[in-house]
Amino acid sequence: MSAEGLNKLFRSEIKFIAGAAKVNQLPKIFLPEVAFMGKSNVGKSSLINTICNHRGLAKVSHTPGRTQQINFFAVLDKFVIVDLPGYGFAKVPLSVKEQWEQLILYYLQNRTNLKLVNLLIDARRGIKDNDREIAQLLISCNINLQIVFTKVDKVKLRDEIIIESEKFLASLGHSCNVICTSSRSKEGAKELQYSMAKCIKS
């Protein structure tokens with residue numbers, strides 16, 4: 001896709017089309033889907049808003065755990081962005097966390113039109129055990145995985161991020177694309193857009 005086409009795609013009208021807190025609420029969608037997932041304080045909503053050039057598309061909060069359902073956003077008639085509830089720390093009851101986990105697992109294992117999952121990792125915190133567990137789950141489900149580091153404007157040594165990700169993927173016996181991003185500076189936004197556009201066409 002050309003730069004002009006990419007700009008047109010991500011500057012188009014993007015609509016919220018559905019939210020699902022339970023399996024039976026998952027919408028029937030036949031367009032390609034690209035999902036975003038990560039810890040509940042990783043900056044997921046901010047990144048989605050950045051790449052979509054829409055400040056209020058996904059709700060941003062300083063309180064981890066605000067995304068309490070799977071949210072679906074249609075980009076023209078081309079594809080759907082899927083915002084998954086965060087894992088790890090969140091100020092919600094254990095029963096709610098377990099419900100999220102069941103919902104996310106069902107979605108990942110049964111969504112046939114899911115083309116890519118962007119696994120977001122806070123560059124300041126590095127890769128943690130629960131990130132590893134999620135990556136292993138995605139690989140076991142044969143899902144196309146891309147690692148996206150967020151908040152890279154707040155770290156000094158970028159090379160260490162890449163080295164850590166390479167060691168991480170080697171330990172999993174897997175290879176995938178790695179992108180460094182910042183919602184504040186918009187670093188990596190175009191690269192992420194290109195990767196998504198390429199994926200939905202494959």
(message) Testing the basics here: between S165 and I127, what is the closest heavy-atom pair and its distance to 0.1 Å?
(response) CA-CD1, 4.1 Å
(message) Check for me, please, whether I163 and L119 land in the same ILVMFWY cluster - side-chain distances under 4.5 Å, paths through other members count.
(response) no
(request) State, to 0.1 Å, how close A74 and I17 come at their nearest heavy-atom pair, and which atoms those are. (result) CB-CG2, 3.8 Å
(request) Could you tell me whether K190 atom NZ has more than 12 heavy atoms of other residues or ligands within 6.0 Å of it? (result) yes
(request) Kindly give the heavy-atom pair with the smallest separation between P32 and K78, and that separation in Å. (result) CD-O, 3.4 Å
(request) Kindly indicate whether the side chain of Y194, heavy atoms from C-beta on, has any atom under 4.5 Å from the side chain of L6. (result) yes
(message) Please give me the minimum heavy-atom distance between I70 and L26, naming the atom from each residue.
(response) CD1-CD2, 4.1 Å
(request) Mark yes when over 12 heavy atoms from residues, nucleotides or ligands other than R184 sit less than 6.0 Å from its CZ; otherwise mark no. (result) no
(message) For S171 and R132, which I'm curious about, is there any donor-acceptor pair between the side chains at under 3.5 Å?
(response) yes
(message) Checking Q146 against N144: is there a side-chain donor and acceptor pair closer than 3.5 Å?
(response) no
(request) Give, for atom CE of M196 and atom CG of L9, the distance between the pair rounded to the nearest 0.5 Å. (result) 8.5 Å
(request) May I ask you to check whether over 12 heavy atoms, not counting those of K167, lie within 6.0 Å of atom NZ? (result) no
(request) Would you mind telling me which of I147, L192, I161 makes a side-chain contact (heavy atoms from CB on, under 4.5 Å) with C180? (result) I161
(message) Ignoring hydrogens, what is the shortest heavy-atom contact between V117 and L138? Give both atom names and the distance.
(response) CG1-CD1, 3.8 Å
(message) Quick check on Y106: does its OH atom have over 12 non-hydrogen neighbours (other residues, nucleotides or ligands) under 6.0 Å away?
(response) no
(message) Regarding K39 and D122, does a basic nitrogen lie under 4.0 Å from an acidic carboxylate oxygen?
(response) no
(request) Could you grab the distance from atom OG of S140 to atom CG of L172, nearest 0.5 Å is fine? (result) 11.0 Å
(message) For L145 versus C176, what's the shortest heavy-atom pair and its separation?
(response) O-CB, 3.1 Å
(message) Could you check whether R111 pairs with E33 (Lys NZ or Arg NE/NH1/NH2 to Asp/Glu carboxylate O, under 4.0 Å)?
(response) yes
(request) Could you check F149 against L120 for side chain to side chain contact (heavy atoms under 4.5 Å, CB included), going step by step and ending with a plain yes or no? (result) CA-CA 6 Å; F149 285 97; L120 275 54; over 6 Å; no
